[in-house]
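A, B, ... follow the sequence lines: proteins, then strands. Residue 1 opens every chain.
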Amino acid sequence: MLQISVLRDQTDLVLAGLAKKHYPTGPADVAAILDLDQRRRQLQTSHDAAQAEANELARQIGGLMKTGDKAGAEALKARTAELKQHTQAAAAELAQVEEGQKQLLFKLPNLPHASVPEGRAAADNEVVREHGTKPTLGSDTQPHWELIKKYDIIDFELGNKITGAGFPVYKNQGARLQRALINFFLDQARQAGYTEMQPPILVNEASGYGTGQLPDKDGQMYHDAKDNLYLIPTAEVPLTNIYRDEIIPLDKLPIRITGHTPCFRREAGSWGADVRGLNRLHQFDKIEIVQITEPERSYDALEAMLAHVESLLQQLNLPYRVLRLCGGDMSFTSALTYDLEVWSAAQGRWLEVSSVSNFETYQANRLKCRYRAEGGKTQLLHTLNGSALALPRIVAALLENNQTSTGIELPLVLHSYCGFERIG
RNA sequence: AGAGAGGUGGCAGAGUGGUCGAAUGCGACGGUUUCGAAAACCGUUAUACCGGCAACGGUAUCGGGGGUUCGAAUCCCCCCUUCUCUACCA
C-alpha cells in the first residue's frame with residue numbers, strides 16, 4: 001500500500017497518479033484517509049500522555065508499597081482509575097481509526113511511474129518493440145487445440161473427468177515438453193544470477209496481504225477454508241513473502257530469486273471468447289523471477305528482467321512484442337509493467353506470456369521489507385517480479401508456429417531438454 | 001493425531017508481579033593504544049508510532065492475540081510454532 005507519509009506530504013502527486021490510473025474516487029478517498037490520519041495522531045498523543053502519567057503513578061505506588069505506606073498507595077489509585085478509563089477509550093478508538101485508515105489505504109492502487117502512457121484500456125498500451133518474423137503457414141494450419149488431439153499430448157477431457165474444466169492432463173511428449181521447458185527456464189534464470197527456490201504453493205493470509213492479492217483479489221484465489229490457506233495464483237506470492245518483516249543487509253542486495261510452481265486461478269467471471277485450449281487455465285506452470293533492490297536501482301533491474309525474458313523468447317524462436325501498459329490497464333499494485341506477448345500463428349493473435357513489473361515500495365510497505373540506508377535509517381526496498389515464463393501459451397505458440405505436415409519441429413534449444421526434436 | 005518440554009535483543013543465555021527494553025557472554029561498530037594488526041581497556045549496539053526544526057522526550061513491543069492487576073517477560077485463557085516420545089505416513 002501507499003505510504004501515509006507520501007499521502008500527507010505529496011498529496012497532489014498522489015491525486016495525479018490515481019487519475020492516471022483511472023482510479024474512480026481518488027480525491028474523496030485521499031481526503032478521508034488524511035482526516036483519519038489527523039484523528040489518529042490526536043488520539044495517539046492523548047493516549048500516550050495519559051499512559052505516561054499512569055506509568056509514573058504505578059512507579060510511585062510501587063515505591064509506597066515497598067515502604068509499607070498502604071494508605072498512600074490507595075490514595076493514588078483513584079487517579080490511575082481515571083487514567084485507565086481514558087487510555088482504554090483512546091486505545092479503542094485508535095484501533096478503530098487505524099483499521100478504518102488501513103482499509104481505505106488497501107483500496108488505493110499504486111501510483112504509475114512517469115513513463116507510463118496515458119490510457120484507459122488495453123488498446124492504449126504502448127508497443128515498445130516487435131521482434132521476430134511471424135511464420136507463414138499453409139492452408140491446412142490447425143490451432144493448438146486441434147494439434148494436441150492429433151498428437152495426443154494434452155487431454156482436456158481427461159482433466160474434466162479428474163477435476164474439471166481448465167485442468168488439462170499433459171501426456172506423452174506433451175508432459176515431457178512441459179518438463180523440458182521448466183528445466184530450460186530455470187537453468188536460464190540461474191545463469192542470469194537468480195537463486196533457485198522451491199516455495200510452498202499454499203500460503204497464509206498474511207502472505208496474501210503482503211503482496212497485495214488480498215484483500216483485492218480474494219475471489220480469484222482458491223481458498224482452503226479449513227486451514228485458511230490460499231493456493232497461490234503465482235510464485236510471486238511465496239517468493240516475495242520470503243522477505244516479509246525483514247531488514248535486509250546492504251551487502252545481500254539485490255535479492256534475485258527464481259522458482260517454478262504450479263499456479264492456480266479461479267478466473268471467476270472471465271470465461272468467454274478466446275479462452276479455448278491452453279489460452280486460459282485454472283492450473284498452469286510458471287517460472288517466476290523476483291528481484292528486491294534499493295530504490296535507486298529498481299528501474300535498471302526492471303530493464304534487466306525484461307531483457308532476460310526477451311532472451312528466452314528469442315532462444316525459443318518465437319515472434320513477440322513488448323508492451324508498456326497504460327495507466328488504466330496496469331495491475332493494482334504495479335508502478336510500471338511490461339507485458340510480453342507471443343504470436344500465435346494459427347489463432348492469428350498475440351498471447352500474453354509474461355508480465356514484468358516494478359512495484360516500487362507498494363508491496364514493501366505491506367511486507368515491511370526494508371534495508372538500512374546510509375546513516376542507519378531503515379528504508380523500504382523496491383520489489384519486482386516477472387514471469388519467465390508461463391508455460392501454456394508458450395506451448396500453444398510453439399505448437400502452432402512450428403507445425404508441419406510431418407509434425408511439430410521444436411526449436412533447437414529444447415532438443416536436448418526434451419530428448420526429441422519433433423512432436424509427431 | 002496423542003503426551004511432555006520449550007519460544008526472551010544479531011546469536012548464546014539470565015530473569016517467575018514493582019524504574020526490566022530487559023543481567024551476563026559472544027559478535028558487530030566507534031575510540032584509546034600501535035608503524036600497522038592482535039590483545040587489552042572505554043563506549044555504542046532493536047523496531048514502530050506520536051510530539052519536536054533539532055537535541056531530545058513519550059508510548060508500545062520478551063512467539064501472536066485476549067484477560068487479571070495501580071503495575072505483567074513473569075499469573076490466567078486461546079492460537080501459532082519448535083523439540084522429544086508415541087501413533088501414522090512419502
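- Comparing the same atom, P, in rC56(B) and in rC42(B) gives a spacing of 24 Å after rounding to whole Å.
- A distance of 6.0 Å or more separates the ring centres of H382(A) and Y299(A).
- To the nearest angstrom, C1' of rC70(B) lies 15 Å from CD of Q85(A).
- Going from the C1' atom of rC83(B) to that of rC29(B) covers 35 Å, rounded to whole Å.
- To the nearest whole angstrom, the two C1' atoms, one in rA12(B) and one in rA22(B), are 16 Å apart.
- Between K377(A) atom NZ and rU45(B) atom C1' the separation is 17 Å, expressed in whole Å.
- Y194(A) and H308(A) have tilted rings, their planes meeting at an angle from 30° to 60° on a 0 to 90° scale.
- Between the side chains of N365(A) and T361(A), no donor N or O sits under 3.5 Å from an acceptor N or O.
- Taking atom P on both nucleotides, rU84(B) is separated from rC77(B) by 26 Å, rounded to a whole Å.
- Between rG31(B) and rU82(B), the two P atoms lie 43 Å apart (nearest whole Å).
- Comparing the C1' positions of rG15(B) and rA38(B) gives a spacing of 36 Å, expressed to the nearest Å.
- Base-pair partner of rC20(B): not found among the strands shown (Watson-Crick or G-U wobble, both distances under 3.5 Å).
- Nucleotide rG57(B) forms a Watson-Crick or G-U wobble pair with rC50(B), both donor-acceptor distances falling under 3.5 Å.
- Side chain to side chain, E310(A) and Y320(A) meet the donor-acceptor criterion of an N or O pair below 3.5 Å.
- Proximity note for M65(A) (side chain, C-beta onward) versus rC70(B), rG58(B), rG51(B): the nearest is rC70(B).
- In this structure, rC89(B) forms no base pair with any nucleotide, since neither Watson-Crick nor G-U wobble geometry is met with both distances under 3.5 Å.
- Per the geometry, CD belonging to E246(A) stands 12 Å off C1' belonging to rG10(B), to the nearest Å.
- The partner of rA14(B) cannot be assigned: no Watson-Crick or G-U wobble pair with both contacts below 3.5 Å exists in any strand.
- Side-chain atoms of R40(A) lie closest to rC49(B) of the nucleotides rC49(B), rU59(B), rU47(B).
- Look at the P atom in both rA73(B) and rA60(B): the space between them is 10 Å, to the nearest Å.
- The side chain of I247(A) has rU47(B) as its nearest neighbour among rU19(B), rU69(B), rU47(B).
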Item to check | Full working for ring pair (Phe, Tyr, Trp, His ring centres under 6.0 Å) between F106(A) and Y209(A) | outcome: CA-CA 9 Å; F106(A) 276 150; Y209(A) 275 98; 5.4 Å; yes
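- Looking at the side chain of R372(A), the nearest of the listed nucleotides rC50(B), rU59(B), rA46(B) is rA46(B).
- With a 3.5 Å ceiling on both atom-pair distances, the Watson-Crick or G-U wobble partner of rU45(B) is rG27(B).
- Of the side-chain N and O atoms in R370(A), none sit less than 4.0 angstrom from OP1 or OP2 of rU47(B).
- Both R59(A) and D48(A) lie near RNA chain B, and the one whose nearest nucleotide falls closer to the 5' end is R59(A).
- A gap of 42 Å separates the P atoms of rG27(B) and rC79(B), to the nearest Å.
- Atom CD of E53(A) is separated from atom P of rA60(B) by 14 Å (rounded to the nearest Å).
- In this structure rA5(B) sits in a base pair with rU82(B), meeting the Watson-Crick or G-U test at under 3.5 Å.
- Listed nucleotides: rG58(B), rA60(B), rG18(B). Nearest to the side chain of Q51(A): rA60(B).
- Spacing between atom CD of E74(A) and atom P of rU69(B) amounts to 13 Å, rounded to whole angstrom units.
- Counting to the nearest Å, the C1' atom of rC50(B) and the CD1 atom of I4(A) are 14 Å from each other.
- With rounding to whole Å, N204(A) atom CG is found 20 Å from rG63(B) atom P.
- Heavy-atom nearest nucleotides on RNA chain B were determined for A52(A) and for Q44(A), and the one closer to the 5' end corresponds to Q44(A).
- Remark: the S46(A) side chain and the H86(A) side chain contain an N/O donor-acceptor pair separated by less than 3.5 Å.
- A close approach under 4.0 Å does occur between a side-chain nitrogen or oxygen of N55(A) and OP1 or OP2 of rU59(B).
- Here rG71(B) presents its P atom at 15 Å from CD of E56(A), a figure rounded to the nearest Å.
- Phosphate contact (OP1/OP2 of rA48(B), side-chain N/O of T378(A), threshold under 4.0 Å): present.
- Distances were taken from every side-chain heavy atom of I61(A) (C-beta onward) to each of rG51(B), rG18(B), rA46(B); the shortest belongs to rG18(B).
- Relative to the side chain of T80(A), the nucleotides rG58(B), rC70(B), rC50(B) differ in distance, and rC70(B) lies closest.
- Phosphate contact (OP1/OP2 of rG71(B), side-chain N/O of K84(A), threshold under 4.0 Å): present.
- Pairing for rA40(B) goes to rU32(B), judged as Watson-Crick or G-U wobble with the two contacts each under 3.5 Å.
- Nucleotide rC75(B) forms a Watson-Crick or G-U wobble pair with rG67(B), both donor-acceptor distances falling under 3.5 Å.
- Atom CG of D124(A) is separated from atom CZ of R324(A) by 14.5 Å, given to the nearest 0.5 angstrom.
- Here F167(A) and F156(A) keep their ring centres 6.0 angstrom or further from each other.
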